[in-house]
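By convention in this document, chain letters (A, B, ...) are assigned in the order of the sequence lines, proteins followed by strands, and residues within each chain are numbered from 1.
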Amino acid sequence: MTNEALDVLIDCRNVWKIFGERSDEAIKAIRERGAGKREVLRDYNCVVGVSDASFQIRKGEIFCIMGLSGSGKSTLVRLLNRLIEPSMGKVEVKGRDIAQMGPKDLRALRAHEIGMVFQSVALIPGRTVLDNAAFGLEVQGVAKAERHKIASDALARVGLADWANHMPRQLSGGMQQRVGLARAIASDPEIILMDEPFSALDPLIRKQLQDEFRELTKSLGKSAVFITHDLDEAMRIGDRIAIMKDGIMIQQGTAEDIVLHPADAYVAEFVAGISRLHLVKAHSLMAPVSEVPGDVLARLPRTSPEADVQALIDLVLSTPDQAVAVEDAGTCIGVVTARTLLEGIRGEEHAAATIEVVA
Amino acid sequence: MAWKQQIKAFDAWIDAGMTWIGTHGSAAFSALRGLLEGGYDGLLWLLQLPPWWVLGLAVGGLAWRLVGRGFGVIAAAGLILCWGMGLWPETLETLALVLSATTIAVLVGGIIGVVAGYSPRVAGFVDPVLDLIQTLPPYLYLLPAIAFLGYGPATAILATFIVAVPPTVKLTALGISRTPNEFLELGTATGASGWQTFVKIRLPFAARSIMAGVNQSLMMAFGMVVIAGIVGSGGLGETIYASVRTLDIAKSVDAAIAIVVLTIVLDRISQAAQKETP
Ligand SMILES: Nc1ncnc2c1ncn2[C@@H]1O[C@H](COP(=O)(O)OP(=O)(O)OP(=O)(O)O)[C@@H](O)[C@H]1O
Ligand SMILES: [Mg+2]
């Protein structure tokens, strides 16, 4: 096994989920004659929830799955801890095929390796915040004093140390969602599945929680699969983003990939409204070094290939030459001029227009 | 008249059947009778243990804590009234009858309710039976009971149990089956076992519904215990039955008042207990 393979926590290969009583026949039709979603619904009265999804979650990354209502996000995320059984395909968690696991192994997997946070939060009403946060540990049979200690630490991590003895109904929506997160991290899972955890919150709290969540996940070294119907949220949180439509994962990539190279008109339309200031990086904007004379190049300010548009604008404006050199490991790999910057920002409409022509 | 003979044959058949069950099941029935009466006697003995005013104050105190100060005072005053009317022994007997029948109804009904809550198939079988029990006049249940258990409190408790069991079964099943899906998902996603999901998730969510069922069972039991006076149950029901027969209207009214007091006190206390459940 290569190092890279070891780093893959979840490996999802050609996974399908078909809902309905005649799903067996539907699968056969899909396999044998490539029946489409509409056909399956018409002929077998079955709904294709997830269609041929393949992706990998790597150690330490936050993978966002973005799609509109009914696109199959909740179904997909539930396939990862087998809350839903796949109709076809294979899900491996840390190299083990979860379809082959017995009930005991599966419980252990869910208790120790994969945590989950729900949109509805699902805090048990009759329990204190502390006992809610300790729920997973309680299920694992951790002794009371011990689980309270761990749960208190988890609550402190999400800034709710003072609320341990309150009841869930006394907390605001944002605070409740933090308790849900504390409950998930208290069991110290390697992977956290989040199904639209912030969707019901107002925008300001939401932004705050997004940042907190990202920071927390990174500082704990966890991996996360984060479901959202909001592209801004996906871009803010995700290291990589997958876009779903009608059960199909139409594109996967970094925010920058998706904004700069939308896979089809649907994605292009989605990303059209996204501000590129923080997404587009110097390495995808820069022109060849030959654009500027050598003597000018020598006196230009330097920046890294990862510098975003915002930073580049500041740099370009700060020099009389109105350009900045992009340097990687000591060598100049390109230049960003006022002109390349403007082209880069215009790119949205430009890209969208090209796509339309193509389509 | 062939049909008259057929009816006679039917009656004879029933008689024979009853005798058969009576002789072959006699050991079982006397055991059941012993169990019911033993439980009843034990409970009654417990209730009779403290002096009347201690029990009155205890019930008043409980009502105060659970319902409120005003009702605590009313409950205590009501029990003093029962004593003042010279009906204290009968009041305790009725209380013991109601509590033992309700306890059995809650235990048995709770178990059936949980099973029905989990399994729609069981529910599909149990529901019509419960509906039938609730449709027929409660009086009817005295018949099989008296046939097998004879005259006395055991018959009263069995018949009362039959009448009291449906609400607990129905509301327990409802509570267990209506656990919100997201909480069941939480259980599964945290790796909870079936038993853990039942105890930590389904039961807490069903608690309110179950308590409502217990309260209703209690009230059904009250109604039936009074009717069961006719089979020699003892208690206020029998007092009413006996005094109506001898046209002692005043005494039957006293007994009725005692029943009303007891009903209201237990109803309010059990309702308050239901509200306390989260
Ligand atoms: N248990 C089920 N039985 C039948 N069809 C289902 C079931 N669960 C989901 N579906 C269907 O599968 C499709 C995908 O649903 P899913 O809940 O995964 O969407 P989603 O992307 O999470 O949507 P939302 O943003 O509204 O939560 C929908 O068409 C839905 O009707
Ligand atoms: Mg969903």
Side-chain angles (χ1 to χ4, degrees), chain A residues 74-75 77-85 101 103-128 131-142 147 167-169 179-180 183-187 189 191-197 200, chain B residues 65-67 106 110 113-115 117-121 124 168 171-215 269-278:
Chain A
S74 295
T75 308
V77 78
R78 277 161 181 71
L79 289 166
L80 304 182
N81 59 353
R82 222 176 114 190
L83 284 189
I84 296 180
E85 301 276 344
M101 285 185 179
K104 217 174 136 200
D105 284 349
L106 199 56
R107 279 210 305 277
L109 176 88
R110 290 164 176 161
H112 302 288
E113 321 258 14
I114 303 188
M116 193 160 184
V117 177
F118 304 88
Q119 175 172 3
S120 58
V121 201
L123 298 182
I124 302 171
R127 289 170 170 251
T128 60
D131 278 322
N132 264 292
F135 183 78
L137 299 164
E138 187 181 324
V139 164
Q140 292 168 30
V142 177
R147 68 174 187 253
M167 284 313 213
R169 61 171 183 278
V179 180
R183 176 172 62 193
I185 61 173
S187 302
I191 307 152
I192 307 175
L193 308 179
M194 314 269 289
D195 187 5
E196 299 203 39
Chain B
R65 246 211 60 197
L66 287 174
V67 188
V106 166
V114 167
V115 176
Y118 267 96
S119 155
R121 269 182 58 194
T168 297
L171 288 168
T172 302
L174 185 77
I176 294 290
S177 65
R178 291 267 175 95
T179 316
N181 194 40
E182 62 257 40
F183 288 93
L184 294 179
E185 238 182 9
L186 168 71
T188 318
T190 359
S193 65
W195 175 250
Q196 284 174 326
T197 306
F198 173 65
V199 174
K200 295 180 198 297
I201 295 179
R202 284 203 193 248
L203 217 45
F205 272 98
R208 232 164 210 275
S209 181
I210 295 174
M211 287 305 287
V214 171
N215 173 264
I269 289 180
S270 85
Q271 271 190 30
Q274 182 190 332
K275 288 207 184 83
E276 295 250 307
T277 17

Practice problem: Flag the pair A:Arg107 / B:Gln196 as yes when at least one side-chain heavy-atom distance between them is below 4.5 Å, and no otherwise. | Solution: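 A side-chain contact under 4.5 Å is absent here.
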Self-check item: A:Arg110 vs B:Thr190 side-chain heavy atoms within contact, under 4.5 Å
Solution: no
Contacting region of [X] [heavy-atom separation from chain B under 4.5 Å]:
X        : answer
A:Ser187 : neither
A:Leu109 : neither
A:Leu193 : neither

Practice problem: Tell me, please, which residues at least two apart from A:Val142 pass side chain to side chain contact (heavy atoms under 4.5 Å, CB included). | Solution: A:Leu137, A:Gln140, A:Glu146, A:Arg147
Self-check item: Non-hydrogen atoms of B:Ala189 and A:Leu83 that approach each other most closely
Solution: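 Closest approach of B:Ala189 to A:Leu83, heavy atoms only: N-CD2, 3.9 Å.
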Practice problem: State, to 0.1 Å, how close A:Val139 and B:Ala192 come at their nearest heavy-atom pair, and which atoms those are. | Solution: CG1-CA, 3.5 Å
Quiz item: So which bits of residues 177-187 of chain B come within less than 4.5 Å of chain A, counting non-hydrogen atoms only?
Solution: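 Contacts with chain A: B:Glu182, B:Phe183, B:Glu185, B:Leu186.
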Practice problem: Kindly write out the residues that satisfy salt bridge (charged side-chain N to carboxylate O under 4.0 Å, His left out) with A:Arg82, not counting sequence neighbours, or none if the list is empty. | Solution: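 So A:Arg82 forms a salt bridge (charged side-chain N to carboxylate O under 4.0 Å, His left out) with A:Glu85.
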Exercise. Enumerate the residue pairs fulfilling ring-ring contact (aromatic ring centres under 6.0 Å, His included) with a member in residues 107-126 of chain A, sequence neighbours excluded, ordered by first and then second residue.
Key: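 Every pair satisfying ring-ring contact (aromatic ring centres under 6.0 Å, His included) with a residue in residues 107-126 of chain A: there are none.
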Exercise. Check whether B:Ser193 gets within reach of chain A through its side chain, its backbone, both or neither, counting any heavy atom under 4.5 Å.
Key: both
Practice problem: Under 4.5 Å, counting heavy-atom pairs only, tell me which of A:Arg183, A:Lys104, A:Arg127 racks up the most with chain B. | Solution: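 The answer is A:Arg183.
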